Amino acid sequence: MNADVCCAFPLLQMLEFQKKHEETHRYIMLGTTANRTQSLNYGCIVAKADTQEVLHYVEKPGTFVSDIINCGIYLFSPSIFEHIAEVFKRNQQDLQLCSSCISEENSSWQRTEVIRLEQDIFTALAGRGQLYVYKTDGFWSQIKSAGSAIYASRLYLDQYHVTHPERLAHNKAGAPVILGNVYVHPTANVDPTAVLGPNVSIGMGVTIGAGVRVRESIILHGAVLQDHSCVLNTIVGWDSSIGRWARVEGTPSDPNPNDPYAKIDSETLFREGKLTPSITILGCNVSIPAEVVILNSIVLPHKELSRSFKNQIIL
């Protein structure tokens, strides 16, 4: 599986799908539905409606091919290595045929040393009755930036609400106000007057003072949020501290909520020479003073700020 995705990981369902058709379904890829525009950013799958055999596969096509996209999660039998070996041998043969015009510095030489699973293997297997897609209706998203981590956290908290509600915090007497899905580590010290949620994860050993408001954020272990601070759409790094009455806020980069098949876009860090508004990120051991505002900014580790910042990367 690719390391930059989050989803419900229906691995048992994929295995069951494979075992039902064990003689033919040797290679299974997980697929999901995207809208027509965003599908161009992914590997696109054309499959038979009845058997789900992959007939055609194109990685990041230039024009619309299919709204079924590759999720980057695969179930293979060991014979996949035979197909990888075929590609390797073919690349070596191509290298020998034109060895006189290729040097070690040449990109063509480097190309023979690289085997791309999607372009080299899946494209060749498509239409040969060996590659199949298991389509999931569960959540799936790429994690291409730090900003997408908050959206990914929301997806997992939503999943916990269904599968493991005991992992989530609940409203009770003498405890902080919980709005929506919130995870609080048992070792965290949260004042009962704080308001948390929705989509908040509080890590190990975190201290949250009186009147603090946290929403759509991840607070990593050892962080301290002092009284009446406000943290919105932010990742607070390990052992960082936010002063009294300070406000730390970012801009969410969520998919279109009106499109059920929309995916989160991979925003570039800069747009037209300016920092793209996104979530605020505090690196580890960052100190934010009292009564300042940090908006849409990235603060690198071990920084002690003395004033407010907006739309900046603080080195």
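Everything quoted here is computed from the prediction, not taken from an experiment. One is the number of the first residue; the rest follow in order along the sequence. The figures here come from the full heavy-atom set of this structure, side chains too, leaving out hydrogens, waters and symmetry mates.
Judged by distance alone, the side chains of Q38 and N41 never bring a donor and an acceptor atom under 3.5 Å apart. T193 and D191 share a side-chain donor-acceptor pair at under 3.5 Å.
Using the six-membered ring where Trp is involved, Y27 and H83 have ring planes that are perpendicular, over 60° apart on the 30 and 60° scheme.
For D227, the side chain to side chain donor-acceptor pair (under 3.5 Å) criterion is met by R244, not counting sequence neighbours. The side chain to side chain donor-acceptor pair (under 3.5 Å) test applied to N311 returns N296, not counting sequence neighbours.
Two residues are said to be in side-chain contact when any heavy atoms from C-beta on lie closer than 4.5 Å; L300 and I313 meet this criterion. The shortest distance between side-chain heavy atoms of P301 and N285 does not fall below 4.5 Å. You'll find the side chain of R26 reaches within 4.5 Å of the side chain of S79, heavy atoms only. In this structure the side chain of K263 never reaches within 4.5 angstrom of the side chain of Q142, judged on heavy atoms. Residues N91 and V87 are in side-chain contact: their nearest non-hydrogen atoms beyond the backbone lie under 4.5 Å apart. With contacts defined as side-chain heavy-atom distances shorter than 4.5 Å, the pair T136/C7 does not qualify.
Within a 6.0 Å radius of CZ in R167, more than 12 heavy atoms belonging to other residues, nucleotides or ligands are found. The environment of E291 atom CD is sparse: at most 12 non-hydrogen atoms of other residues, nucleotides or ligands sit within 6.0 angstrom. The local environment of OH in Y261 is sparse, with at most 12 non-hydrogen atoms from other residues, nucleotides or ligands closer than 6.0 Å. When the shell of 6.0 Å around CG of D137 is examined, it contains 12 or fewer heavy atoms from other residues, nucleotides or ligands. Within 6.0 Å of the NE2 atom in H161, the count of heavy atoms belonging to other residues, nucleotides or ligands does not exceed 12.
Here the two rings, on F76 and F81, have centers that are 6.0 Å apart or farther.
Each of V190, V177, L179 was evaluated against L196; a single residue qualifies, V190, per the side chain to side chain contact (heavy atoms under 4.5 Å, CB included) test.
Not a single donor-acceptor pair under 3.5 Å links the side chain of H56 to the backbone N or O of S66. No donor-acceptor distance shorter than 3.5 angstrom exists from the side chain of W140 to the backbone of T32, with no hydrogens or angles considered. The backbone N or O of I150 lies less than 3.5 Å from a partner atom in the side chain of N199, making a donor-acceptor pair. Side-chain N or O atoms of S240 include one that pairs as donor or acceptor with a backbone N or O of G283 at under 3.5 Å. When atom types are taken as modelled, the side chain of N233 and the backbone of E249 share no donor-acceptor pair closer than 3.5 angstrom.
Of all non-hydrogen atoms in F17 and T51, the two that sit nearest each other are CZ-O, 4.4 Å. Minimum interatomic distance between C44 and V65 (heavy atoms only, all atoms of both residues): CB-CB, 4.1 Å. Shortest non-hydrogen contact noted between I264 and Y42 is O-OH, 4.0 Å. Counting all heavy atoms, side chain and backbone alike, V236 lies closest to A223 at CG1-CB, 3.9 Å. Pairing each heavy atom of G31 with each of I68, the nearest pair is CA-CG2, 4.5 Å.
I298 and V231 fall into different hydrophobic clusters, where Ile, Leu, Val, Met, Phe, Trp and Tyr are joined by side-chain heavy atoms under 4.5 Å apart, directly or via other members.
Between R90 and D120 no salt bridge is recorded (no basic side-chain N to carboxylate O distance below 4.0 Å).
Identified under the salt bridge (Lys or Arg N to Asp or Glu O under 4.0 Å) test for residues 295-315, with sequence neighbours left out: none.
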